[in-house]
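Take a look at the structure set out below.
Small disclaimer: the values here were computed from a predicted structure and weren't measured. Throughout, protein chains are lettered first and strands after them, A, B, ... in sequence-line order, and every chain is numbered starting at 1.
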4 protein chains.
Amino acid sequence: MALADGGPCGRPRGRPRSTECTAAILRATTELLDERTYAAVSIEDIAARAGVSKQTIYKWWPSKAKLAMEACAARAADSYPIPDTGTVEADLLQLLREVFALLRRGNSRATWASLIAESQSDPELAKEFRETYVAARRRIGATILERGIARGELPAGTDVEAVLDLLYGPIWYRMLLRNGALDDKYARFIVAHLMPGLLRR
Amino acid sequence: MALADGGPCGRPRGRPRSTECTAAILRATTELLDERTYAAVSIEDIAARAGVSKQTIYKWWPSKAKLAMEACAARAADSYPIPDTGTVEADLLQLLREVFALLRRGNSRATWASLIAESQSDPELAKEFRETYVAARRRIGATILERGIARGELPAGTDVEAVLDLLYGPIWYRMLLRNGALDDKYARFIVAHLMPGLLRR
Amino acid sequence: MALADGGPCGRPRGRPRSTECTAAILRATTELLDERTYAAVSIEDIAARAGVSKQTIYKWWPSKAKLAMEACAARAADSYPIPDTGTVEADLLQLLREVFALLRRGNSRATWASLIAESQSDPELAKEFRETYVAARRRIGATILERGIARGELPAGTDVEAVLDLLYGPIWYRMLLRNGALDDKYARFIVAHLMPGLLRR
Amino acid sequence: MALADGGPCGRPRGRPRSTECTAAILRATTELLDERTYAAVSIEDIAARAGVSKQTIYKWWPSKAKLAMEACAARAADSYPIPDTGTVEADLLQLLREVFALLRRGNSRATWASLIAESQSDPELAKEFRETYVAARRRIGATILERGIARGELPAGTDVEAVLDLLYGPIWYRMLLRNGALDDKYARFIVAHLMPGLLRR
DNA sequence: CAATAAACGAGACGGTACGTCCCGTCTTCAG
DNA sequence: CTGAAGACGGGACGTACCGTCTCGTTTATTG
């Protein structure tokens with residue numbers, strides 16, 4: 001029991017993975033993605049910027065997409081807490097504002113868009129994208145809605161998953177297809193139009 | 001006026017553009033996009049399949065993306081009429097059903113997704129995408145909403161553009177990020193939850 | 001007759017192969033092989049020096065070895081005539097002198113050595129090497145010997161092929177294993193010691 | 001004596017493990033060189049086969065070539081005695097037969113060829129090759145010739161070194177450039193044609 | 001009915017990045 | 001301290017397409 005704790009196969013052998021390397025690679029990736037579009041960033045560019053050999057990158061990441069995803073996600077690591085103001089409406093509004101703020105950092109918006117695209121032709125990537133990043137954000141929305149149901153604010157039969165699609169959909173739509181503003185006005189509009197359909201009649 | 005009819009600068013000289021060629025290229029593109037992912041289809045593949053030289057493709061289309069977009073759009077050419085049942089709710093429902101049906105044809109869904117991705121790093125493409133294809137669909141929704149306003153079903157101050165974001169957003173969201181079903185149930189869910197926020201209080 | 005002359009399959013289609021390219025590649029190869037060792041010359045170096053893309057090289061030559069062989073052989077293209085002085089001894093002496101002179105040009109000696117090595121692990125290359133370059137030189141020696149036999153200078157039963165091995169062997173030996181001088185003295189020594197074993201008793 | 005011989009795990013304070021290592025590395029090298037061409041064997045392959053880390057190899061051998069040379073030479077370690085039959089002709093014949101026999105073992109022939117090639121671009125290796133392996137074999141031939149001179153069979157002024165070139169040259173020539181048989185017939189031919197030029201007139 | 005001009009097939013070409021292989025060096029840990 | 005395990009920087013490999021560029025051929029219109 002105590003021993004098994006150490007990992008799957010005991011002590012690591014050989015030279016340990018360099019944390020500096022990992023950091024340099026992620027940093028270089030983030031920088032380059034902020035400077036240019038995803039498509040214009042090559043693995044060779046990243047290697048050069050990070051002062052690392054290509055092989056080291058290929059050793060730890062299977063593709064540019066996975067690397068970009070990780071680099072992009074690291075930015076959102078200092079995760080915001082789940083809003084809890086007392087009403088579903090205020091909670092959702094705050095949630096949207098935080099999401100918008102995140103997407104405004106650097107080139108995140110365009111990068112995420114490219115990753116979504118990439119994931120259309122890479123099922124493995126799509127899976128990770130959905131299960132790790134999309135799911136994480138949905139869980140926050142789900143918590144808010146479930147609290148609303150528990151509180152009696154929303155009806156018991158609410159289809160939480162589907163409501164989340166209505167909540168998040170408009171964000172990605174503007175971001176990907178319309179190149180529209182993700183601002184406070186839009187956040188308020190979404191919530192204002194969603195609430196009447198949600199509340200107990 | 002009468003002269004302008006022939007084209008921008010008089011009569012065409014030389015050998016006219018081969019319609020067979022154009023058709024063969026579009027057909028080959030459609031076929032290949034149905035067989036593989038967008039990323040796995042190269043211009044050289046298309047040329048080979050169409051029995052055409054690369055140059056001929058480059059002559060008429062600036063990029064694989066534009067070509068794919070045209071091939072994909074041709075599928076929706078036999079365009080549905082704007083629904084007009086008498087109520088906004090029924091109109092919107094029918095609209096969504098028609099959109100869903102289109103996206104189920106062949107590999108359209110994945111291809112559109114890839115094009116959206118591509119357009120993130122190609123402003124020219126993004127512009128065309130937005131102005132031609134997205135706008136065309138939005139106009140239908142806008143017409144429905146405006147009729148509702150005229151009819152007094154919806155309040156006069158309705159922000160039509162923003163409402164359309166709420167309407168179309170959830171579709172693309174499921175399609176791109178969730179890989180979820182675009183079925184009748186979803187169409188009804190969207191409309192049902194949207195209406196309370198729209199109707200005159 | 002007149003038509004068949006044009007080639008195996010009529011007119012060549014598409015853009016014709018650039019003779020400038022071919023020349024530039026061979027020139028670059030020769031230059032680089034004179035500057036450095038065979039092992040230190042990469043296809044990428046050659047491409048860079050020739051101002052040509054790697055692909056163009058790979059299109060026409062299957063390997064660095066074949067390219068080097070061709071470049072090296074081009075140097076000996078202005079081929080010397082078969083000596084014909086009247087005696088086998090004088091003919092062979094002149095032959096050796098000419099061979100030595102060729103091997104002294106640029107870095108030929110080291111390059112041929114590397115090609116011989118390479119051909120040990122590349123049967124295709126070995127075949128070409130033997131059939132094209134080695135055979136061409138042996139043919140000259142064979143002619144000299146056969147004239148000697150016809151003239152009655154050498155016995156009728158002389159094993160020409162084996163004698164050629166005795167003639168050429170010592171050259172390559174000095175060149176490859178001993179790094180010894182290929183000078184006039186050596187040429188005379190070889191011939192002087194070979195003749196007694198050859199002449200009619 | 002008997003105890004020390006015992007094996008790898010006899011004495012706790014016994015011989016250092018390095019001899020086992022050395023043996024394993026040489027064995028692996030020999031095996032791999034017999035299975036594939038020199039070029040197709042990498043240091044990493046050898047390390048893997050020997051169950052040894054790369055570093056251990058680099059610690060003792062500066063290059064794959066040196067290692068291969070040693071492994072290849074080890075095969076000839078059970079060195080044949082210098083022939084001494086009474087006549088130069090018979091001695092040389094026996095010498096050639098023994099050399100041929102050695103070169104027929106495993107892949108020796110191809111490996112030596114590759115080493116010769118490698119030595120063209122590695123002066124350090126060339127030096128060792130010449131001074132250690134080539135010289136060792138030449139010394140045997142030299143001894144035979146010098147005995148012949150002492151015996152009065154060969155003239156006093158014989159240029160031993162140059163004669164050795166005539167003797168060994170044809171071997172390597174067949175081996176490297178002609179891929180021809182190294183058989184008894186060839187041995188007899190070489191000696192038979194060499195002798196008339198050597199013997200006192 | 002030429003002459004002209006564009007469309008077209010074929011394919012060579014310069015270029016960029018790919019993902020892989022192996023080199024030789026390094027860093028850590030076990031015995 | 002030796003040696004295994006293996007991470008790392010580096011450099012070349014051979015490949016895949018890109019988009020451009022000649023060519024020769026085909027198919028219209030125009031003088």
Side-chain angles (χ1 to χ4, degrees), chain A residues 10-22 24 39-45 47-48 50-60 62-64, chain B residues 10-22 24 39-48 50-60 62-64, chain C residues 10-22 39-45 47-48 50-60 62-64, chain D residues 12 16-18 20-21 39-45 47-48 50-60 62-64:
Chain A
R11 281 291 146 95
R13 316 255 307 176
R15 179 175 173 175
R17 178 170 176 183
S18 155
T19 50
E20 286 169 36
C21 253
T22 312
V41 174
S42 70
I43 295 261
E44 296 198 327
D45 290 338
V52 140
S53 82
K54 268 201 295 178
Q55 198 61 6
T56 302
I57 295 180
Y58 282 112
K59 172 129 213 194
W60 304 109
S63 63
K64 183 173 73 165
Chain B
R11 284 290 148 96
R13 312 250 309 173
R15 179 176 172 176
R17 178 170 175 182
S18 155
T19 50
E20 284 170 40
C21 255
T22 312
V41 174
S42 70
I43 295 258
E44 296 199 328
D45 290 337
I46 296 171
V52 141
S53 81
K54 271 199 296 178
Q55 197 64 342
T56 304
I57 295 180
Y58 282 113
K59 174 132 213 194
W60 306 110
S63 64
K64 182 174 74 165
Chain C
R11 281 293 148 94
R13 316 255 306 180
R15 179 174 173 176
R17 178 170 174 183
S18 155
T19 51
E20 285 169 38
C21 250
T22 312
V41 173
S42 70
I43 295 260
E44 297 198 326
D45 290 338
V52 141
S53 83
K54 268 201 293 178
Q55 198 63 4
T56 301
I57 296 180
Y58 282 113
K59 172 130 213 195
W60 303 110
S63 63
K64 183 174 70 166
Chain D
R17 190 149 181 204
S18 61
E20 254 178 70
C21 262
V41 174
S42 70
I43 294 258
E44 296 197 328
D45 290 336
V52 141
S53 81
K54 271 199 295 176
Q55 195 65 346
T56 304
I57 295 180
Y58 281 113
K59 180 147 213 176
W60 293 341
S63 64
K64 182 174 73 165

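- Close to F:dA5, at under 4.0 Å from its OP1 or OP2, lies a side-chain N or O of A:Arg13.
- Nearest nucleotide to the side chain of C:Arg17, out of E:dG19, E:dC13, F:dG9: E:dC13.
- Both D:Val52 and C:Tyr58 lie close to DNA chain F; mapped to their nearest nucleotides by heavy-atom distance, the more 5′-ward contact belongs to D:Val52.
- Closest contact between the side chain of B:Ser42 and the listed nucleotides E:dC13, F:dC18, E:dT20 involves F:dC18.
- Within the structure, a side-chain polar atom (N or O) of C:Thr56 is placed less than 4.0 Å from OP1 or OP2 of E:dG14.
- Taking atom NZ on B:Lys64 and atom C1' on F:dC18, their separation rounds to 11 Å, with Å as the unit.
- Rounded to an integer number of Å, the gap from CZ of C:Arg15 to C1' of F:dT20 is 8 Å.
- Checking the phosphate oxygens (OP1, OP2) of E:dC8, a side-chain nitrogen or oxygen of B:Ser18 falls inside 4.0 Å.
- Of the candidate nucleotides E:dG19, F:dC13, F:dT2, E:dG19 has the atom nearest to the side chain of A:Lys54.
- Each of D:Ser53 and C:Ala40 was matched to the nucleotide of DNA chain F holding its nearest heavy atom; the match closer to the 5' end belongs to D:Ser53.
- The CH2 atom of C:Trp60 sits 18 Å away from the C1' atom of F:dG14 (whole-angstrom rounding).
- For the pair D:Trp60 and D:Cys21, the minimum side-chain heavy-atom distance is below 4.5 Å.
- Straight-line distance from the NZ atom of D:Lys59 to the C1' atom of E:dC26: 14 Å, rounded to whole Å.
- Across the protein-nucleic acid pair, C:Glu20 atom CD and F:dT22 atom C1' stand 12 Å apart, rounded to whole Å.
- Smallest separation of non-hydrogen atoms from A:Ile57 and A:Ile43: CD1-O, 4.0 Å.
- Taking atom CD of A:Glu44 as the reference point, atom P of E:dT16 lies 11 Å away to the nearest angstrom.
- Here F:dG19 is the nucleotide among F:dG19, F:dG9, E:dG9 with the atom lying nearest to any side-chain atom of B:Ile43.
- Here D:Tyr58 contributes atom OH and D:Ser53 contributes atom OG; the two are 11.0 Å apart, rounded to the nearest 0.5 Å.
- Within the model, atoms CG of B:Asp45 and NZ of B:Lys54 stand 11.0 Å from one another, a figure rounded to the nearest 0.5 Å.
- Nearest heavy-atom pair, B:Ala50 versus B:Ala24, reported as atom, atom and distance to 0.1 Å: CB-O, 3.6 Å.
- Comparing B:Gly51 and C:Thr19 along DNA chain E, the residue whose closest nucleotide (by nearest heavy atom) sits nearer the 5' end is B:Gly51.
- Rounded to an integer number of Å, the gap from CD of B:Gln55 to C1' of F:dC18 is 12 Å.
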